[in-house]
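Note sheet for the following structure.
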Amino acid sequence: MSLERIPVEQLDSPEKNRISRNRWLLTRRTCQLLMLALFLAGPFLGLWVIKGNLASSEVLGVLSLTDPLIMLQSLFAGHAVYVTAIIGAITVSLFYVVVGGRVYCSWVCPINMATDLAAWLRSRLALSRDLVIPKQVRYVVLFLVPFLCWQTGTIIWEFVNPITIFQRGLVYGAGLSWGVVLLVFLFDLFVTKRGWCGALCPVGAFYGLLGAKSLIRVNAGRRNRCTDCGDCYQVCPEPQVIVPALTGEKKGLSPLILSGECTNCGRCIDVCPENVFNFSHRLTNIRP
Ligand code: SF4
Ligand code: SF4
């Protein structure tokens, strides 16, 4: 399906059915689970499509992929870094520079399933406790990580990174890893809405910066249809990114959601009853 077009019958339908209200959510979940299955198929079934984990892997024995943040940590820690790992980090970085850095968060990261569940449960249970943590804290953590790697000579974030702990736990025994995921889930559920990814996780902050100028963008191209129902803000993990695109027409602002903090999750597209949003790209000729 074209990223730019929504079927005409859907454009004019006042009600979306259950499937179209969750189309991108279902696609993302499939992608996240498929990714995990591919990583686990090697150790458990002997099907080595991907060897390794999200930190560092090899696809079909030819394509090396390395998490660029882990590469940075290794460099700051003073570890020897292999050329294949550098090529892998550049490959991964280029991919996210084009598709949007935080696509990692919503389409790849397994922790996202726990944080999405916490957000959904919060709204179902009408939990309102929301400890205010400035979103900038994640950038402070991000800049602390290399500093601490340099000081300790270790890739220090990976000792506490829930993504790494969870993936390692799945392969070598999941006991502790479930505990870490549970902590993140309980934090988001009871302490603050979308707190882990939205305010603390340096991985999301890193990928947000990496994809700040990415090509693939969500477009609020039909913003004149908006009825201010608030559904998009409700489901968006980074609702602040919607405001300029949706409400900035009078100020001459583009309807493209341009913030690198947008995860390109597609939930706003799914839930908007007026079909205001669609996936598009930065080069679209859009009149503000
Ligand atoms: S979900 Fe659609 S109609 Fe509702 S506030 Fe968002 S853009 Fe407007
Ligand atoms: S603006 Fe839309 S695509 Fe971007 S993070 Fe929010 S819900 Fe997801």
Side-chain angles (χ1 to χ4, degrees), residues 1-29 100 102-103 105-107 112 115-130 132 135 188-189 192-195 197-199 208 211 214-288:
M1 179 183 292
S2 154
L3 287 177
E4 292 228 12
R5 295 212 167 77
I6 288 180
V8 172
E9 65 276 13
Q10 193 176 310
L11 277 176
D12 294 315
S13 82
E15 294 282 332
K16 287 181 169 180
N17 63 34
R18 212 179 166 82
I19 301 267
S20 61
R21 271 185 72 83
N22 293 288
R23 186 176 48 151
W24 290 107
L25 175 64
L26 294 171
T27 313
R28 278 193 306 119
R29 286 291 175 266
R102 294 207 62 203
V103 161
C105 302
S106 60
W107 289 78
N112 169 260
T115 56
D116 273 0
L117 178 62
W120 179 79
L121 262 181
R122 269 182 77 93
S123 96
R124 282 292 155 129
L125 302 174
L127 299 176
S128 57
R129 188 187 152 96
D130 210 357
V132 178
K135 288 188 169 290
D188 271 21
L189 184 61
T192 183
K193 186 179 179 185
R194 299 280 186 188
C197 305
S214 72
L215 191 61
I216 307 294
R217 300 279 81 193
V218 171
N219 178 17
R222 302 180 203 95
R223 59 188 172 187
N224 56 350
R225 292 179 168 207
C226 173
T227 58
D228 279 332
C229 70
D231 286 2
C232 54
Y233 294 109
Q234 185 62 32
V235 295
C236 178
E238 302 279 354
Q240 76 283 359
V241 305
I242 297 180
V243 180
L246 193 56
T247 64
E249 190 164 12
K250 287 199 178 108
K251 293 183 194 159
L253 298 179
S254 165
L256 288 175
I257 294 177
L258 293 169
S259 169
E261 287 169 356
C262 169
T263 68
N264 278 356
C265 68
R267 279 307 275 156
C268 53
I269 303 173
D270 278 346
V271 302
C272 176
E274 306 300 327
N275 291 313
V276 163
F277 305 95
N278 64 297
F279 274 119
S280 183
H281 55 80
R282 191 179 282 274
L283 307 179
T284 310
N285 184 17
I286 287 172
R287 283 181 288 113

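For the single chain, residues carry numbers from 1 onward in sequence order.
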Validation row: Val218, Asn278 side chains within 4.5 angstrom (heavy atoms): no

Asn112 side chain near Cys105 side chain, heavy-atom distance below 4.5 Å: no

Smallest separation among heavy atoms of Gly100 and Asn264, with atom names: CA-ND2, 4.4 Å

What one should report as the nearest heavy-atom pair of Leu253 and Arg223 is O-NH2, 2.9 Å

For Cys232 against Leu246, the heavy-atom pair lying closest together: SG-CD2, 4.2 Å

Could you check if a side-chain atom of Asp116 sits within less than 4.5 angstrom of a side-chain atom of Arg194, using non-hydrogen atoms only? yes

If you round to the nearest 0.5 Å, how far is CD of Glu249 from SG of Cys226? 11.0 Å

Which pair of heavy atoms, one from Ala118 and one from Leu189, lies closest together, and at what distance? O-CD1, 3.6 Å

Where do Asp188 and Arg122 come nearest, in terms of heavy atoms and distance? O-CD, 3.1 Å

Do NZ/NE/NH1/NH2 and the carboxylate oxygens of Asp270 and Arg28 come within less than 4.0 Å? no

pair Val271-Gln234: side-chain heavy atoms closer than 4.5 Å: no

Can you tell me how far apart CZ (Phe279) and OG1 (Thr284) are? Round to the nearest 0.5 Å. 13.0 Å

Check the surroundings of atom CD1 in Ile19: do more than 12 heavy atoms from other residues, nucleotides or ligands lie under 6.0 Å from it? no

At what distance, to the nearest 0.5 angstrom, does CH2 of Trp107 lie from CZ of Arg29? 10.5 Å

Are side-chain heavy atoms of Gln240 and Glu261 found at a separation under 4.5 Å? yes

Let me see the working for Lys193 and Ser123 under side chain to side chain contact (heavy atoms under 4.5 Å, CB included), right down to the final yes or no. CA-CA 10 Å; Lys193 186 179 179 185; Ser123 96; over 6 Å; no

Gap separating the CG atom of Leu215 from the OG atom of Ser280, nearest 0.5 angstrom: 9.0 Å

Considering only heavy atoms from C-beta outward, does the side chain of Asn22 approach that of Arg267 to under 4.5 Å? yes

Using a strict cut-off of less than 4.0 Å between a Lys/Arg side-chain nitrogen and an Asp/Glu carboxylate oxygen, indicate whether Glu238 and Lys135 qualify as a salt bridge. yes

Closer than 3.5 angstrom, by distance alone: can the side chain of Lys16 be matched with the main-chain N or O of Asn275 as a donor-acceptor pair? no

Can you tell me if Arg23 uses its side chain to pair, donor with acceptor, with the backbone of Arg18 under 3.5 Å? no

Answer with yes or no whether the side chains of Asp130 and Thr192 bring together a donor and an acceptor at under 3.5 Å. yes

With distance as the sole test, does Thr247 use its side chain to make a donor-acceptor pair with the main-chain N or O of Val243 at under 3.5 Å? yes

Is any side-chain heavy atom of Asn219 closer than 4.5 Å to one of Ile257? no

For the SG atom of Cys272 and the CZ atom of Arg225, what is their distance to the nearest 0.5 Å? 9.0 Å

Are Trp24 and Cys265 close enough that some pair of their side-chain heavy atoms sits under 4.5 Å apart? no

Distance, nearest 0.5 Å, that separates CD1 of Ile216 from OG of Ser214: 7.5 Å

